[in-house]
Amino acid sequence: MPAAIRQGDFVLTNFPFGPPDRPDRPGPVPHIAYCLGVQTTRTGFELILAYTSSGPWRPPGPTVPLGVIEFDQAAAEALNQRSFHMDLRVLARVPPLLSWLPRPEAPDCGIIARADRALRDRINATAEQLVRRRPEVIQVRGVGSAPRA
């Protein structure tokens with residue numbers, strides 16, 4: 001396991017795609033995700049990741065939904081990225097395996113940036129508000145999320 005990855009890290013992952021792809025399989029291309037936390041399981045531990053995407057929230061409008069945080073160019077540059085949004089409504093539980101984390105042996109373990117305390121607090125507060133007000137809109141992909149037959 002890349003022990004250096006922790007809550008607050010923006011890390012290169014193979015974040016699982018949504019439909020029509022299976023949500024329990026690694027995505028086919030590396031993608032930056034935000035680490036909301038690390039949890040211990042019966043078989044070891046796993047990262048809890050939040051989805052990010054380059055560019056502004058779509059569709060454009062005066063507001064974004066609860067759980068979506070936009071990062072303009074200046075905020076993104078401070079995180080070694082270009083403008084993007086984070087969607088806390090799309091999460092993934094992933095084990096520390098090469099199939100999920102494409103750069104575990106790199107000196108940076110695939111970590112692109114680390115959020116400072118203020119940003120971590122902002123993200124956590126938004127996530128907690130989402131869980132309290134709209135838990136039904138949260139998707140959890142990754143291990144244990146295979147579609148039921």
Side-chain angles (χ1 to χ4, degrees), residues 1-18 23-24 26-145:
M1 161 61 184
I5 298 174
R6 62 183 189 239
Q7 179 194 22
D9 288 345
F10 288 87
V11 62
L12 196 62
T13 69
N14 289 330
F15 198 94
F17 282 16
D24 63 333
V29 294
H31 183 93
I32 298 170
Y34 175 78
C35 183
L36 278 170
V38 179
Q39 71 180 15
T40 304
T41 68
R42 288 181 294 125
T43 59
F45 58 93
E46 60 194 23
L47 301 173
I48 307 302
L49 304 174
Y51 180 78
T52 69
S53 181
S54 297
W57 168 251
R58 294 169 301 278
T63 62
V64 295
L66 178 61
V68 175
I69 302 171
E70 291 186 294
F71 293 80
D72 64 16
Q73 189 61 38
E77 283 177 3
L79 298 168
N80 302 319
Q81 299 180 62
R82 62 179 183 237
S83 61
F84 68 97
H85 70 272
M86 177 185 301
D87 192 341
L88 294 165
R89 301 170 307 166
V90 182
L91 307 177
R93 297 172 37 223
V94 305
L97 302 174
L98 183 60
S99 57
W100 293 100
L101 302 169
R103 291 177 32 187
E105 303 304 323
D108 63 5
C109 298
I111 298 169
I112 306 304
R114 285 200 163 120
D116 63 20
R117 165 70 68 192
L119 180 55
R120 287 193 314 269
D121 289 349
R122 177 180 170 212
I123 293 167
N124 289 341
T126 302
E128 289 169 9
Q129 187 178 37
L130 178 65
V131 167
R132 279 194 313 275
R133 292 178 47 195
R134 299 290 316 273
E136 73 280 2
V137 301
I138 300 171
Q139 299 174 34
V140 181
R141 301 176 186 170
V143 295
S145 65

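What you see below is based on every heavy atom in this structure, not just the backbone, and it leaves out hydrogens, waters and symmetry mates.
Under the 3.5 Å distance criterion, the side-chain polar atoms of D9 are left unmatched by any main-chain donor or acceptor of C35. Between the side chain of T13 and the backbone N or O of H31, at least one donor-acceptor pair lies under 3.5 Å. Judged purely by atom type and a 3.5 angstrom limit, R93 has no side-chain atom pairing as donor or acceptor with the backbone of G142.
At a threshold of 4.5 Å between non-hydrogen side-chain atoms, the residues E46 and Q39 count as touching. The shortest distance between side-chain heavy atoms of L79 and I112 does not fall below 4.5 Å. Residues V38 and I5 form no side-chain contact, since every pair of their non-hydrogen atoms from C-beta on lies 4.5 Å or further apart. For the pair Q81/F71, no side-chain contact is recorded, criterion being any heavy-atom separation below 4.5 Å from C-beta on. In this structure the side chain of L101 reaches within 4.5 angstrom of the side chain of L47, judged on heavy atoms. Residues R133 and L66 have side chains in contact (heavy-atom distance under 4.5 Å, counting atoms from C-beta outward).
A pairwise comparison of heavy atoms in V11 and C109 identifies CG2-O, 3.8 Å as the closest pair. When every heavy atom of S99 is checked against every heavy atom of N14, the shortest pair comes out as O-ND2, 2.8 Å. Nearest heavy atom pair, residue Q7 against residue N124, reads NE2-ND2, 3.0 Å. Minimum heavy-atom separation, A33 to F15: CB-CD1, 3.8 Å. Residues F45 and T40 approach most closely at CB-CA, 3.9 Å, considering heavy atoms.
By the salt bridge (charged side-chain N to carboxylate O under 4.0 Å, His left out) test, D121 is found to be paired with R117, residues two or more places apart in sequence or in another chain being considered.
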Quick one: do L12 and D108 satisfy side-chain contact (heavy atoms from CB on, under 4.5 Å)? Show the steps, please. CA-CA 10 Å; L12 196 62; D108 63 5; over 6 Å; no

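Residues Y34 and F84 place their aromatic rings such that the two centres sit no closer than 6.0 Å.
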